[in-house]
A.B. asks: 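The structure under discussion is supplied below as structure tokens; questions concerning it will follow.
Values reported hereafter were calculated over all heavy atoms of this structure, with side chains retained and with hydrogens, waters and symmetry mates removed.
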Amino acid sequence: MRYILNGRYRFRGWKKAQTGVYDAATKTAKFLNKKQYLMLLRCDGAHDLDEQDLSEEDKKFFEELLNSEVIRPARLMELLHPVQSYKEYPAEYRKSVQWSITGACNLKCRHCFMSAPHAKHGAPSHEQIIAIADQLAECGIFQVSLTGGEPLIREDFLDIIDALNEREIGIDTIYTNGWLVDEAFLDDLDKHHVHPPFQLSFDGVGWHDFLRGVPGAEDRTISALKLLQKRGCPVSISMCMHRKNRHTLRKSINLLASLGVRSVKCGSMMQLGEWAQPELHDLQLTKEEELQMFEEYIPQYFEDDAPVSLMLGGVFMYDPGDPMWNIFFRRECAPEDERLMPSCGILTKNFYIGAEGMVCPCMGMGDCGYAKNFPNLFETPLREILDDSDFTHLCQTKVGDIRDANPQCRECKYLDRCTGGCRNSALMAGDNYCGIDPEQCWFFEHNGEERIAAAAKDAFEAYIRRHPPTNGQAKPADDAMAECP
């Protein structure tokens, strides 16, 4: 009998990952072992595949393909569509990219790490935008998150959407301050067949305008959230906490939940860009103050029946329905795995393109002193940047590399659970890519795990009694949230 790959799937390969099956509907790829892939390649409508000749293991895999509708019986004379035939991209695989399509903004945020109020990083021309889209498609990157600055201020925003659609690149998330989100804008997205999730910022009831630097910003954000809720758009929120708004955490999250927000991530600002100004230093929460704020709020969160999926810095995360909460900072690594395990798994899947063309492992790295070492795709083609380059080696930095580079890590009893920490935090602390992450060092050395566990224990147990878990097991730290804190 002959079988064929269903229309939404395509045979694809990337450098070092040749055995991929790409799903054009979800814009994601899965990778099989060589034996499985060779069997699947026969599902092209042209080759017979006799189930009786398969091993028990292969039969089980074959049934999974049928049940999940990756393959189906081929009709008479039906052959694989040419677009589904095997193609290998000239770059290493990346699931998605976060892309600043402008470095300018319509607000004057006091904490902007990329100094968008001054358009420090400029804005690419429309021709440059199209050239980047071409490079993304050439490298087999089919998910982008559009950010800025404020991406919606671009007059050619809908033209950019069209360009991405033409290249079958999906919009994973639109990051916006919400000022320009109105019915007409959402109608335009509908006309262009784009229905992405949104991520907005909200910085505390009564304090949003203070941080955003423009009167009326809070009202505009709340109006945007109400509209997105009415239109059924998935929305997440990023909250930046400081000494003046820390008392608003509970009230703010409950308000956001009432407006249909699905997830909230919350933490202190990075002391880069606008927030590096000396007059703002007194507003920055110390590590102890931030941890105390979270210790106080975690019981309240469960008392309020976990109204949203939540990430508090790197110290706490929970998705309603899970049987257990997690600590993002804690990602265990046995000594024998240090040479294999990436220090940050997110950097092996995603990366960032700045408005000036800089390619960084992570968005927060774009304004640190080390940024001069990152490549620029207006000077070096993306296919070269993502092909066994210095950049990809940085993204693949292993836990063992961090240990080797730092005597403190070699002597630290917590390395097996912090995996070397965040590379962004390390760069902020000293422009050393393999340096220590002082935030995680402080957290573990000051009994952060025990303190968070004590704060959550009673309230979480009571919450679980009221709401027995629906998910079979807690998600691993790297997968429980789309992004790092």
Side-chain angles (χ1 to χ4, degrees), residues 12 14-17 20 22 27-29 31 89-103 113-114 121 124 128-129 131-149 151 160 164 167 169-175 199 270 272 342-368 370-398 401 420-428 433-434 478-479 481-485:
R12 293 293 185 264
W14 289 260
K15 294 288 185 73
K16 301 181 181 180
Y22 173 67
K27 309 296 183 184
T28 58
F31 298 92
Y89 298 104
E92 294 182 15
Y93 175 72
R94 286 294 188 277
K95 179 181 177 182
S96 66
V97 58
Q98 193 173 19
W99 181 13
S100 284
I101 57 175
T102 180
F113 69 89
M114 63 186 299
H121 295 277
Q128 288 175 316
I129 288 284
I132 293 173
D134 284 337
Q135 293 193 57
L136 294 175
E138 179 190 21
C139 293
I141 298 165
F142 295 111
Q143 283 192 59
V144 300
S145 293
L146 298 179
T147 186
I160 294 172
L164 295 173
R167 291 156 180 80
I169 298 173
I171 311 298
D172 184 59
T173 306
I174 292 177
Y175 291 77
Q199 182 168 125
M270 293 187 294
L272 294 170
S343 174
C344 177
I346 294 172
L347 302 187
T348 64
K349 303 173 186 176
N350 310 327
F351 67 104
Y352 169 71
I353 298 174
E356 74 283 59
M358 181 187 297
V359 179
C360 304
C362 175
M363 185 176 186
M365 298 179 182
D367 249 37
C368 66
Y370 191 87
K372 62 182 180 295
N373 296 294
F374 295 131
N376 190 300
L377 54 68
F378 294 141
E379 301 167 359
T380 304
L382 187 60
R383 65 177 181 274
E384 294 182 18
I385 295 172
L386 296 180
D387 180 14
D388 198 24
S389 63
D390 290 342
F391 174 80
T392 59
H393 294 165
L394 285 178
C395 295
Q396 295 160 6
T397 298
K398 304 296 190 290
D401 298 329
C422 172
R423 298 303 86 214
N424 190 21
S425 293
L427 288 178
M428 287 177 58
Y433 193 88
C434 285
D478 279 348
D479 296 327
M481 283 278 187
E483 298 174 53
C484 58

A.B. asks: L164 and L146: side chain to side chain contact (heavy atoms under 4.5 Å, CB included), yes or no, with the steps?
C.D. replies: CA-CA 11 Å; L164 295 173; L146 298 179; 4.3 Å; yes

A.B. asks: Mind checking the CE-CE spacing from M363 to M358? Nearest 0.5 Å is all I need.
C.D. replies: 12.0 Å

A.B. asks: Which residues pass the side-chain hydrogen bond (donor to acceptor under 3.5 Å, both in side chains) test with N424, sequence neighbours left out?
C.D. replies: none

A.B. asks: Of all heavy-atom pairs between A355 and H121, which one has the smallest distance, and what is that distance?
C.D. replies: CB-O, 3.8 Å

A.B. asks: Hey, what's the ring geometry for Y22 with F142, parallel, tilted or perpendicular (30° and 60° as the breaks)?
C.D. replies: tilted

A.B. asks: Which atom pair, heavy atoms only, marks the closest approach of F378 to P124?
C.D. replies: CZ-CB, 4.4 Å

A.B. asks: Taking the six-membered ring for Trp and the single ring otherwise, decide whether the centroids of F31 and W14 are under 6.0 Å apart.
C.D. replies: yes

A.B. asks: Please report the interatomic distance OG1(T102) to CD1(I129), rounded to the nearest 0.5 Å.
C.D. replies: 8.5 Å

A.B. asks: Excluding sequence neighbours, so at least two apart, what forms side chain to side chain contact (heavy atoms under 4.5 Å, CB included) with A426?
C.D. replies: R423

A.B. asks: Can you see which heavy atom on T397 is nearest to which on C434, and at what distance?
C.D. replies: CG2-SG, 4.0 Å

A.B. asks: If the condition is side-chain hydrogen bond (donor to acceptor under 3.5 Å, both in side chains), which residues does Y352 pass it with, not counting sequence neighbours?
C.D. replies: S100

A.B. asks: When rounded to the nearest 0.5 angstrom, what is the spacing between SG in C139 and OH in Y93?
C.D. replies: 13.5 Å

A.B. asks: Just verifying a value: how many Å separate N350 CG and Q98 CD, rounded to the nearest 0.5 Å?
C.D. replies: 8.5 Å

A.B. asks: By the side chain to side chain donor-acceptor pair (under 3.5 Å) test, which pairs, at least two apart or in different chains, include something from residues 134-147?
C.D. replies: D134-R167, E138-R383, S145-D172

A.B. asks: Could you work out, with side chain to side chain contact (heavy atoms under 4.5 Å, CB included) as the rule, every residue matching L394, not counting sequence neighbours?
C.D. replies: Y370, F374, Y433

A.B. asks: Within the 3.5 Å criterion, strictly below it, is a donor on Q396 or E92 matched to an acceptor on the partner's side chain?
C.D. replies: yes

A.B. asks: Enter the distance from L382:CG to I141:CD1 here, rounded to the nearest 0.5 Å.
C.D. replies: 5.0 Å

A.B. asks: Are the side chain of N376 and the backbone N or O of V359 linked by a donor-acceptor pair below 3.5 Å?
C.D. replies: no

A.B. asks: Show the nearest heavy-atom pair for residues L136 and V97, with the distance to one decimal.
C.D. replies: CD2-CG1, 4.0 Å

A.B. asks: Supply the atom-to-atom distance L427 CG to N373 CG, rounded to the nearest 0.5 angstrom.
C.D. replies: 9.5 Å

A.B. asks: Tell me, do C395 and F351 make a side-chain contact under 4.5 Å, heavy atoms counted?
C.D. replies: no

A.B. asks: Looking only at heavy atoms, which two atoms of G366 and A371 are closest? And how far apart?
C.D. replies: O-CB, 3.6 Å

A.B. asks: Check C422, C362, P342 against L347 for a side-chain contact (heavy atoms from CB on, under 4.5 Å) and give me the one that passes.
C.D. replies: C362

A.B. asks: K15: what forms a salt bridge (Lys or Arg N to Asp or Glu O under 4.0 Å) with it, not counting sequence neighbours?
C.D. replies: D387

A.B. asks: Quick one, E379 and P375 - any side-chain contact, counting heavy atoms below 4.5 Å?
C.D. replies: no

A.B. asks: Where is the tightest heavy-atom contact between G149 and M114, given as atom of each residue plus distance?
C.D. replies: N-SD, 3.5 Å

A.B. asks: Surrounding NZ of K95 (heavy atoms of other residues, nucleotides or ligands, distance under 6.0 Å), is the total greater than 12?
C.D. replies: no

